[in-house]
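Every chain is numbered from 1 and lettered A, B, ... according to where its sequence line falls, protein lines coming before strand lines.
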Amino acid sequence: MRTWCGEVRETDIGSSQSIAGWVNRRRDHGGLVFIDLRDRSGVVQVVINPEDNAEVHNTAHEIRNEFVLQVQGEVRKRPEGTENPQIETGQVEVVVKGLKILSECKPLPFMIEDDTDDSEFLRLKHRYLDLRRPVIQKNIILRHRTTKSVREYLDAHGFLEIETPVLTKSTPEGARDYLVPSRMNPGHFYALPQSPQLFKQILMMSGFEKYYQIVKCFRDEDLRADRQPEFTQVDLEMSFVEKEDVMTLVEDLLKKIFKDVTDLEFKEQFQRLTYKETMERFGSDKPDLRFALELKDVGDLAKDSSFKVFLGALADGGLVKGINAKGLAGYSRKELDDLTEEVKTFGAKGLAWIKVKNGFESPIAKFFPEQTLKAIAQRLAAEEGDLLLFVADKGKVVNDSLARLRNELGKRLNLIKNDTYKFLWVTDFPLLEWNEDEGRYEAMHHPFTSPADEDIEKLLSLNFSDPELSTVHRSLFTEVKAKAYDIVLNGFEIGGGSIRIHKKDIQDKMFELLNISADDANSKFGFLLEALEYGAPPHGGLALGLDRLVMILAGAQSIRDVIAFPKTQKAVCPLSNAPSTVDGKQLRELSIKLDVAE
RNA sequence: GGGGUGGUAGUUCAGCUGGUUAGAACGCCGGCCUGUCACGUCGGAGGUCGCGGGUUCGAGCCCCGUCCACCCCGCCA
């Protein structure tokens, strides 16, 4: 039996052990040779003494980094003064009796060590080497422990793990689909699922009552540090529940995961905010609550100024909001310009500032009556030495840019403590959202999300095709609340769900409001609509973004660090070189002709 | 589609105002070394300066184009 390298201890002293692993490092003294042998569990020092075994000692000189060795040896206490407290096996060493080189290794493209600044592309190209780094292995193992915890919990609560198709049907709403051509049906395509949404609802209508799946989802959209084209969801759905049931269960599940994986216990209920409140206070529906720095609406006060930028924004129905950058009144022109650049990416035209420094120091102070400045300062709880920052524009621009600024200030002011976790439920999302480009409403969550009970009548009274669709009428659309909820952790949306529509008439109305014709709806979601007519139970669920959750648990900066084989920003896998061209024969079988610019 | 940063030895980087032979560290190869653990020490090899074009007596450096990587916007829940 092989012993784990990292588990050799003083209790093994005197025993003979067989170990195997990779050469983490070789220290060849000419006489004595030391080898740190590494396997998944850790490293142990192996000693080769020429006086013990000349033949083995000769072999030892040939050994290089990342050779794979089989070692037979005796565990010995290290001589006094040579112990290494840095490693877990540092009190002992293995004296070699027999040594076999199982595999050799060419010179490496990069060093196998935790601390790396090698380019990610190179690391992904040789991912099998990169994955040998203990830090990355730790992340992958942590991911395993997370999914194990999920399975234990959901199994204990009566959930059934059921697989859903990967070759499925393209859906018009939501993200761009990955398509797979069908050889048997020329000109027809499968789509890879953006989520198992429709199938899990069908499973509820099939009477399984509690379903879950740890499942790959696919979205052909541009990548980010926290977005990959294929990613994993912990997907779950329950029948005969209201949103409170789902939220309680998921909250409980997350608490168990944290306890199992990080040993942290969360006793209190997770904080909850409505969408409206979180947008007002933080400008975002996924605020990082590890720090305060709340936004304040100062539109009512700005009215009393003669500052055209503020007045103009208000006249156009926009907002003026501010944030208090605590203690940053000393900021230079350059630093203020940097902050301005931050907000400009979201469309803000500028960033107004007031330094609270022997009164008010600001290029815009002259437009404000003294008492208005005081009122603004008071609203932002300003103290001597603070820097007040303002954006005035359309509501969306103001909130997006100040939310970004808030995160930036949180970092600059060192308000974000590592190993702190702040969960937040965001509830009462609007059901619908106006899409400027397409000139129609879209489901904010997805088209199967149930409206809030109290808004159902309002919903049924709405009529998208009303030619008189006035601004007032439009605002009615966005007043309808959904039974949707997101779970946010440290500024990341790690999950979201809803209670679904289980009544045909409401689902029909929903499609009507989304300007999807009955014919269209039938050809795209007909099977779901039909199932709704054969005894559909009320149901709802949620999906957790496993990659993001594990990223946070691992303290990683990118989900690529918690995915064994991730893709680059251009959705390429440098290891396998996917995607690639294919033979003409394959294309002919699929009845596909290419139209690619040279 | 757009903005930003970067691309020089196997790797991470330096390379001044455009100047003649492009450097460092680590790694690699060889010698020496019996208590090291980022071993030490002596020596050595190693370059399509991402790619294409241009300006110039002369380009790693300037200009144009292009490719790739990362971060962000749009997009995506």
Q: Thinking salt bridges, do A:Arg143 and A:Asp547 make one under a 4.0 Å N-O criterion?
A: yes
Q: With stacking defined as ring centroids separated by under 5.5 Å and planes differing by under 30°, is A:His29 stacked against B:rU36?
A: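 No.
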Q: Determine yes or no for a side-chain-to-main-chain donor-acceptor pair under 3.5 angstrom, with A:Asp12 supplying the side chain and A:Arg9 the backbone.
A: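 Yes, the answer is positive, given that a donor and an acceptor are paired below the 3.5 Å cut-off.
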Q: Please classify the nucleic acid contact of A:Glu51 as base, sugar-phosphate, or nothing, using heavy-atom distances under 4.0 Å.
A: base
Q: Expressed as a whole number of angstroms, how long is the span from A:Leu32:CG to B:rG40:P?
A: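 Taking CG of A:Leu32 and P of B:rG40, I get 16 Å after rounding.
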Q: What is the nucleic acid contact for A:Ile87, judged by heavy atoms within less than 4.0 Å: base, sugar-phosphate only, or nothing?
A: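 Contact class for A:Ile87: none.
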Q: How far does the C1' atom of B:rG52 sit from the matching atom of B:rC73, given to the nearest Å?
A: 30 Å
Q: Any strand counts, and the cut-off is 3.5 Å on both contacts for Watson-Crick or G-U wobble. Which nucleotide pairs with B:rU34?
A: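 Across all strands, not a single nucleotide pairs with B:rU34.
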Q: Taking B:rU11 as the reference, what is the distance to B:rC49 when you measure between their C1' atoms (whole Å, please)?
A: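 After rounding to an integer number of Å, I get 16 Å for this pair.
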Q: For the pair made of CG in A:Asn65 and C1' in B:rG27, what is the distance, rounded to whole Å?
A: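 Rounded to the whole Å, the gap is 9 Å.
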Q: Please check if the number of heavy atoms outside A:Tyr190 that lie under 6.0 Å from its OH is greater than 12.
A: no
Q: Just to be sure I understand the rule, does A:Arg219 reach a base, reach only the sugar-phosphate, or reach nothing, if contact means heavy atoms closer than 4.0 Å?
A: sugar-phosphate
Q: Just call it for A:Gln197: base, sugar-phosphate, or nothing, with non-hydrogen atoms closer than 4.0 Å on any strand.
A: nothing
Q: Side chain of A:Arg76: nearest nucleotide among B:rA77, B:rC29, B:rG35?
A: B:rG35
Q: Checking A:Arg272 against A:Phe423: charged group under 6.0 Å from the ring centre and within 45 degrees of the axis?
A: no
Q: Heavy atoms from C-beta onward define the side chain here; which of B:rG35, B:rU12, B:rA77 lies closest to that of A:Asp117?
A: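 Between B:rG35, B:rU12, B:rA77, the one nearest the side chain of A:Asp117 would be B:rU12.
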Q: Start with the C-alpha distance between A:Thr116 and A:Phe110, add both sets of side-chain angles, then the distance that settles side-chain contact (heavy atoms from CB on, under 4.5 Å), and finish with yes or no.
A: CA-CA 9 Å; A:Thr116 172; A:Phe110 53 78; over 6 Å; no
Q: Any base atoms under 4.0 Å from A:Asp220, or only sugar-phosphate, or nothing? Heavy atoms, all strands.
A: nothing
Q: Assign A:Gly347 to base, sugar-phosphate, or nothing according to its heavy-atom contacts below 4.0 angstrom with the strands shown.
A: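 Result for A:Gly347 = nothing.
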Q: Given the C1' atoms of B:rG46 and B:rA9, what is the spacing between them in whole Å?
A: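 My reading of the C1' atoms in B:rG46 and B:rA9 gives 6 Å.
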Q: Using atom P of each nucleotide, how far apart are B:rC37 and B:rG27 to the nearest Å?
A: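 Between the two P atoms, the distance is 13 Å.
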Q: Students often get this wrong, so: under 4.0 angstrom with heavy atoms, is A:Gln228 touching a base, only sugar-phosphate, or nothing?
A: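 Since no nucleic acid heavy atom lies under 4.0 Å of A:Gln228, the category is nothing.
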Q: Whole Å only: how far is the CG atom of A:Asp177 from the P atom of B:rC76?
A: 12 Å
Q: I'd like the C1' distance from B:rG18 over to B:rC62, given in whole Å.
A: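 Roughly 8 Å separates the two C1' atoms.
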Q: Before giving the answer on side chain to side chain donor-acceptor pair (under 3.5 Å), spell out for A:Glu62 and A:Thr59 the whole-Å C-alpha distance, their side-chain angles and the decisive distance to 0.1 Å.
A: CA-CA 5 Å; A:Glu62 307 300 315; A:Thr59 315; over 6 Å; no
Q: For B:rG43, which nucleotide is its Watson-Crick or G-U wobble mate, given both distances must be under 3.5 Å?
A: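 Answer to the pairing question: B:rC29, which forms a Watson-Crick or G-U pair with B:rG43.
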Q: For the side chain of A:Pro109, counting heavy atoms from C-beta on, which of B:rU34, B:rG35, B:rG10 is nearest?
A: B:rG10
Q: So, under a plain 3.5 Å distance rule, would you say the side chain of A:Arg26 forms a donor-acceptor pair with the base of B:rC37?
A: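 Counting by modelled atom types and ignoring angles, no donor-acceptor contact under 3.5 Å is found here.
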Q: Between B:rG7 and B:rG44, how far is it from one C1' atom to the other, in whole Å?
A: 29 Å
Q: Rounding to a whole Å, what distance do you find between A:Asp118:CG and B:rA9:P?
A: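 Distance check: A:Asp118 CG to B:rA9 P gives 13 Å.
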Q: Could you work out the separation of B:rU55 and B:rG60 based on their P atoms and round it to a whole Å?
A: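 Per the computed distance, 16 Å lies between those P atoms.
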Q: Going by modelled atom types, is there a donor-acceptor pair between the base of B:rG3 and the side chain of A:Glu341 at under 3.5 Å?
A: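 Donor-acceptor pair under 3.5 Å: no.
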Q: Starting from C1' on B:rA38, measure out to CD on A:Gln45 and report it in whole angstrom.
A: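 Those two atoms, CD and C1', are 14 Å apart.
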Q: Which letter, B, S or -, goes with each nucleotide of nucleotides 65-73 of chain B from 5' to 3', with contact meaning a protein heavy atom under 4.0 Å?
A: ---SSBBSB
Q: Does the structure show a Watson-Crick or G-U wobble partner for B:rA24, both distances under 3.5 Å? Name it, or say none.
A: B:rU12
Q: Could you state the atom-to-atom distance from CD1 of A:Ile48 to P of B:rC37 in whole Å?
A: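 Atom CD1 in A:Ile48 sits about 17 Å away from atom P in B:rC37.
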Q: Checking A:Glu66 against A:Lys106 for the salt bridge (Lys or Arg N to Asp or Glu O under 4.0 Å) test, could you report, in this order, the C-alpha distance in whole Å, the side-chain angles of both residues, the deciding distance, and whether it holds?
A: CA-CA 8 Å; A:Glu66 298 306 310; A:Lys106 296 204 294 186; over 6 Å; no
Q: If I pick the C1' atom on B:rG23 and the same atom on B:rC63, what distance separates them, to the nearest angstrom?
A: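 Those two atoms are separated by 27 Å.
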Q: Using whole Å, report how far CD of A:Glu342 lies from P of B:rG3.
A: 18 Å
Q: A:Phe110 stacking on B:rU11: centroids under 5.5 Å, ring planes under 30°?
A: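 Stacking is absent between B:rU11 and A:Phe110, given that the ring centres and planes do not meet under 5.5 Å and under 30°.
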Q: Which one is paired to B:rC57, where only Watson-Crick or G-U wobble pairs with both distances under 3.5 angstrom count?
A: B:rG19
Q: CG of A:Leu432 to NZ of A:Lys481: how many Å apart, nearest 0.5 Å?
A: 11.5 Å
Q: Between the side chains of A:Asp486 and A:Tyr275, does any donor sit under 3.5 Å from an acceptor?
A: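 Absent: no donor and acceptor within the cut-off.
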Q: Select from A:Lys396 and A:Gln194 the residue whose nearest nucleotide in RNA chain B is closer to the 5' end of that strand.
A: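 Per heavy-atom nearest nucleotide, the more 5' residue is A:Lys396.
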Q: Using Watson-Crick or G-U wobble geometry with both distances below 3.5 Å, tell me the partner of B:rG6, or none.
A: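 WC or wobble partner is B:rC68.
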Q: Roughly, in whole Å, what's the span from CZ in A:Phe218 to P in B:rA77?
A: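 The distance from CZ of A:Phe218 to P of B:rA77 comes to 16 Å, rounded to the nearest Å.
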